[in-house]
2 protein chains.
Amino acid sequence: MDQQRKNHLDARARVLKAMAHPTRLFIIEELEKGEQCVCDLTAMIGADISTVSKHLTVLRQAGIVLDDKRGNQVFYRLRVPCILNFFGCVESVLESRAKDQAAYLAVVGK
Amino acid sequence: MDQQRKNHLDARARVLKAMAHPTRLFIIEELEKGEQCVCDLTAMIGADISTVSKHLTVLRQAGIVLDDKRGNQVFYRLRVPCILNFFGCVESVLESRAKDQAAYLAVVGK
DNA sequence: TATTCGCTTGGCTATAATGCCAAATAACCA
DNA sequence: TGGTTATTTGGCATTATAGCCAAGCGAATA
């Protein structure tokens, strides 16, 4: 594996890793609907605001979201619009597993 | 956030997390070209075979790959074909960041 | 049967991620 | 100025992940 390919895989992995957390996926879904301030996201998530802030930092550092301070609030939005299309394949994985699971259950007698 | 949504986010996050490692992305890319045995993947990756085997276990448990033992070799293949299409958006994130980085470098005088 | 081959699993250490609390910062308001 | 609100950061304990070596195990071969 050459160095250039390795660098590219590292870069992709960093983006995926930033998305690979339920709270951060929630944030991405909500931001798909439009920008949100930290306070509103925090209210929806129901965790400590410092926890939510750190999740947002992870997303920002991965280049997934942008922040915009207005007054004493910070609004976050998606940097690229496609993030959610992206899930079609994740869903395929989930469905494929569900199907096999159903087949297995049928074999063992429900 | 209701329980059903939480479950769904958890399920998606688990799939993404399984993909979020450079070695596992490499494996996915190689399997896109066709099934491979553990030995060939190990040779390409250049890590200990036990390390590669554990990465494959992560991918299998996430429902991303399937294994097939034939003789004393185990062949792995992708369970769903779309995994790599999936990266268009990851690339957008990376390009978007590169663009901003370039703009920043221009501002500070290269 | 004994040996080798291909792979998985157990065990370990080192490193990273998570989430809370508390403290720091920044903007606004009285 | 002092206080309040919104957010970030530091620090810490807990848990998870990564990768190596060694041991285990089934399948092929001598």
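Here is the naming used below: chain letters follow the sequence lines, and residue numbers restart at 1 for every chain. Computed from heavy atoms alone, side chains included, the values below leave out hydrogens, waters and symmetry copies.
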Exercise. Starting at CG of B:Asp68 and ending at C1' of C:dT8, how long is that distance when rounded to a whole Å?
Worked result: 16 Å
For this session: Measure the distance from CD1 on B:Ile49 to P on C:dC5 and round it to the nearest whole Å.
Result: 12 Å
Problem set entry | Electrostatic pair A:Glu30:A:Arg77 at N-O distance under 4.0 angstrom | no
For this session: Apply side chain to side chain contact (heavy atoms under 4.5 Å, CB included) to the pair A:His55 and A:Ile27, showing each step before the final yes or no.
Result: CA-CA 9 Å; A:His55 282 304; A:Ile27 291 170; 4.1 Å; yes
For this session: Please work out if A:Arg24 contacts a base, only the sugar-phosphate, or nothing of the nucleic acid, heavy-atom cut-off 4.0 Å.
Result: sugar-phosphate
Exercise. Is B:Arg79 reaching over with its side chain to a backbone N or O of B:Gly63, donor-acceptor style, under 3.5 angstrom?
Worked result: yes
Problem set entry | Length of the line joining B:Leu41:CG and C:dG6:P, which is rounded to integer Å | 14 Å
Exercise. Could you state the CG-C1' distance from A:Asp48 to C:dA17, rounded to the nearest angstrom?
Worked result: 17 Å
Exercise. Of all nucleotides in DNA chain D with an atom under 4.0 Å from a non-hydrogen atom of chain A, which is the first and which the last going 5' to 3'?
Worked result: D:dT5 to D:dG11
Seminar exercise, completed: Here the pair of heavy atoms bringing A:Ala13 nearest to B:Leu25 is N-CD1, 3.5 Å
Exercise. Which nucleotide, C:dA26, C:dG19, C:dT8, lies nearest any side-chain atom of A:Lys69?
Worked result: C:dA26
Exercise. Would you call A:Asp67 and A:Lys69 a salt bridge, using N to O less than 4.0 angstrom?
Worked result: no
Seminar exercise, completed: Closest heavy-atom pair, B:Leu9 versus A:Pro22, reported as atoms and distance to 0.1 Å, is CD1-O, 3.9 Å
Exercise. If you find the nucleotide of DNA chain C closest to A:Asn72 and the one closest to A:His55, which residue's nucleotide is nearer the 5' end?
Worked result: A:His55
Problem set entry | For DNA chain D, stems built from three or more consecutive Watson-Crick or G-U wobble pairs below 3.5 Å | C:1-30 with D:1-30
Exercise. Do B:Leu66 and B:Tyr76 come close enough that some side-chain heavy atom pair is under 4.5 Å?
Worked result: no
Exercise. Base, sugar-phosphate, or nothing for B:Phe75, non-hydrogen atoms under 4.0 angstrom?
Worked result: nothing
Exercise. Between C:dT9 atom P and B:Leu56 atom CG, what is the distance in whole Å?
Worked result: 11 Å
Exercise. Between A:Asp10 and A:Lys6, does at least one N-O distance fall below 4.0 Å, as a salt bridge requires?
Worked result: yes
Exercise. Has the side chain of A:Thr42 got a donor or acceptor atom that lies under 3.5 Å from a matching backbone atom of A:Val38?
Worked result: yes
Exercise. Any salt bridge between B:Arg70 and B:Glu35, counting N to O under 4.0 Å?
Worked result: yes
For this session: Would you tell me if any nitrogen or oxygen in the side chain of A:Thr51 comes within less than 4.0 Å of OP1 or OP2 on C:dC20?
Result: yes
Exercise. Can you tell which of C:dG6, C:dA17, C:dT8 lies closest to the side chain of B:Cys39?
Worked result: C:dG6
Problem set entry | For atom NE2 of B:His21 and atom P of C:dA16, their distance in whole Å | 12 Å
Exercise. Please give, in whole Å, the distance from C:dA26 P to A:Gln73 CD?
Worked result: 18 Å
Exercise. Starting at NZ of B:Lys54 and ending at P of C:dT13, how long is that distance when rounded to a whole Å?
Worked result: 14 Å
For this session: Establish whether the base of C:dC7 is bridged to the side chain of B:Ser50 by a donor-acceptor pair shorter than 3.5 Å.
Result: no
